[in-house]
There are 2 protein chains.
Amino acid sequence: MSEESLAEALRVPPGPVDLSAWDPAATPAISGDKSDGEERLAALGPDLLDLATRVMASKESERPRRLLLVLQGMDTSGKGGVLKHTVALMDPVGLRVTSFKAPTEEERSHDFLWRIERAVPPLGFIGVFDRSHYEDVLIQRVRHFADDAEIERRYGAINDFERRLVDEGTVVLKCMLHISPEAQKERLLARLDDPAKHWKYNPGDVDERQLWADYRRAYEIALERCNTEHAPWFIVPSDRKWYRNLAIARLLREHLEDMGLGWPTPAGLDLEAERRRLAEDTVS
Amino acid sequence: MSEESLAEALRVPPGPVDLSAWDPAATPAISGDKSDGEERLAALGPDLLDLATRVMASKESERPRRLLLVLQGMDTSGKGGVLKHTVALMDPVGLRVTSFKAPTEEERSHDFLWRIERAVPPLGFIGVFDRSHYEDVLIQRVRHFADDAEIERRYGAINDFERRLVDEGTVVLKCMLHISPEAQKERLLARLDDPAKHWKYNPGDVDERQLWADYRRAYEIALERCNTEHAPWFIVPSDRKWYRNLAIARLLREHLEDMGLGWPTPAGLDLEAERRRLAEDTVS
């Protein structure tokens, strides 16, 4: 079975972005249905684990690397689901997950990138941002928490920040989980109906939802302004959970494969000398 | 099939500890072999995921909780393997894994618990310490990095620190991964023989190995002095990897079950009012 590149299918082309042209229920570049999708996600597990381990191993190479997965999307779009089903396929020892909440008083007394910078994982890790610095040009724009000039400044600051990450050896993979307001309503109602999901229900989500059109516009602008060659945006249709999880797994695999990481032998490691030392020792 | 409690089988009894009385190749309280073991570990996945999610949900309850899994053991004892095979069964969004290395200059200029305290996850998380504050009474004792009076002081400081964690709502689960020097030699040789494992090979491990008897003694003392009612030690025979992974999964499940966590409904959440708000809104 030949596989179309997800990166090609989901990458946002340069220029203005019109989200209404992206169907949140579509399944680009992946055929089949939910049960195929879940099987294929599980089948990707060994590949993802192997590739993620190479990122860890790169610490011992001449050029340590990292990957940063940025997950953005409206409430219930499935950032948590991607973590639970897709990110979970990789080794937790090499993962650094940060879930960004409303900034604290201390965080607000610094530049918006201060808390972001602190959450960047060391080289040799896969970082996952569950929400990110894009909140600072999304909710902050919609809610007027920052003035126009400041929001304007931030697009450039974000591009510079991501450029620096890339120059340092980072692959920045930015995914917008695109859902419809109808799917969101269904998911919010499902949380109310299932006692095991009440803890995830936040009445504030319904308030934000009333500003759907403003958020859509803020996303379109951010996706256009920060859609750089070094850190492009991908739009992942997310009304179908199985597609969302599988598509991000495939995007991860493609990006990790493109890093072309082998298995480094640490500088100066003399395999024969070490074998002899071990063969000769009498520790018991 | 009735299951014997792993906590009962592996808990270190109060009093002096003699590690030579614990067989590293034994399989206490678990019958069957490697292939059964791997199947049973996979079968525990859904339970562990559900229980770990309840810890996350406890953030929305009147009494938020956390669990801290402390993994200690000689090099190659399988701390990484437990992370990859057992800890990986839980949702990465609720995990905080810290791998402690040799302390940095800044860390050495503080009390030994300074860096440990900073790595304690917030309530609502499962923390995993891959090595821990016990290094400060193990390698530091064996290598005389601290004097006798300071090592002596640390046992008490550790007990006070763990007491404070428990008082705050933490379950502290401390596992010593117990291997034989013969198993270690095999695993080190295997790392040399497999190019995909060279990056894990550290010649320093062979130096530490020469001090096996000193480490065994340092472990025996730490296991005795810090084997408290509130944070007891468990010795996990680890020559058989499948047993180690399954035993720690069972220990995790038993400890999480004992926390008795339900699904909280956030204070003030009015389910009917929220259903009405959603039913009436016209966002599209």
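Just so it is clear: chains get the letters A, B, ... in the order the sequence lines come, proteins before strands, and each one is counted from 1.
In this structure, chain B has a heavy atom under 4.5 Å from the side chain of Arg216(A), while its backbone stays farther away. In this structure, the portion of Asp130(B) lying under 4.5 Å from any heavy atom of chain A is its side chain and not its backbone. Heavy atoms closer than 4.5 Å to chain A are found in both the backbone and the side chain of Glu274(B). With a 4.5 angstrom heavy-atom cutoff, Leu95(A) touches chain B only via side-chain atoms. Heavy atoms closer than 4.5 Å to chain A are found in both the backbone and the side chain of Pro264(B). Only the backbone of Pro195(A) comes within contact range of chain B, with at least one heavy atom under 4.5 Å from a heavy atom of that chain. Only the backbone of Ala279(B) has a heavy atom closer than 4.5 Å to any heavy atom of chain A. Neither the backbone nor the side chain of Leu89(B) comes within contact range of chain A; no heavy atoms are under 4.5 Å apart. Proximity to chain B (any heavy atom under 4.5 Å) is shown, for Asp205(A), by neither the backbone nor the side chain. Contacts between Thr98(B) and chain A at a heavy-atom distance below 4.5 Å are absent for every atom of the residue. Leu49(A) touches chain B through its side chain: at least one heavy atom from C-beta onward sits under 4.5 Å away, while N, CA, C and O do not. Only the side chain of Leu269(B) comes within less than 4.5 Å of a heavy atom in chain A; its backbone stays farther off. Of the atoms belonging to Asp194(B), not a single heavy atom falls under 4.5 Å from chain A.
Between the CG atom in Leu192(A) and the CZ atom in Arg277(B) there is a gap of 10.0 Å [rounded to 0.5 Å]. Here OG of Ser284(B) is found 9.0 Å from NZ of Lys185(A). Values are rounded to the nearest 0.5 Å.
Looking only at distances, no side-chain donor or acceptor of Arg275(A) sits under 3.5 Å from a matching main-chain atom of Leu189(B).
Heavy-atom pairs under 4.5 Å with chain B peak, among Met90(A), Met56(A), Lys59(A), at Met56(A). Between chain A and the residues Lys84(B), Arg96(B), Glu60(B), the most heavy-atom pairs under 4.5 angstrom are made by Lys84(B). The most heavy-atom pairs under 4.5 Å with chain B, out of Val97(A), Thr265(A), Asp281(A), come from Asp281(A). Counting heavy-atom pairs closer than 4.5 Å to chain A, the top residue among Asp91(B), Thr53(B), Val87(B) is Asp91(B).
Between Val93(B) and Leu83(A), the shortest heavy-atom contact is CG2-CD1, 3.7 Å.
Arg209(A) is listed as a side-chain neighbour of Leu278(B), based on a closest heavy-atom distance under 4.5 Å.
Using a 4.5 Å heavy-atom cut-off against chain B, the contacting residues of residues 196-203 of chain A are Ala196(A), His198(A), Trp199(A), Tyr201(A), Pro203(A).
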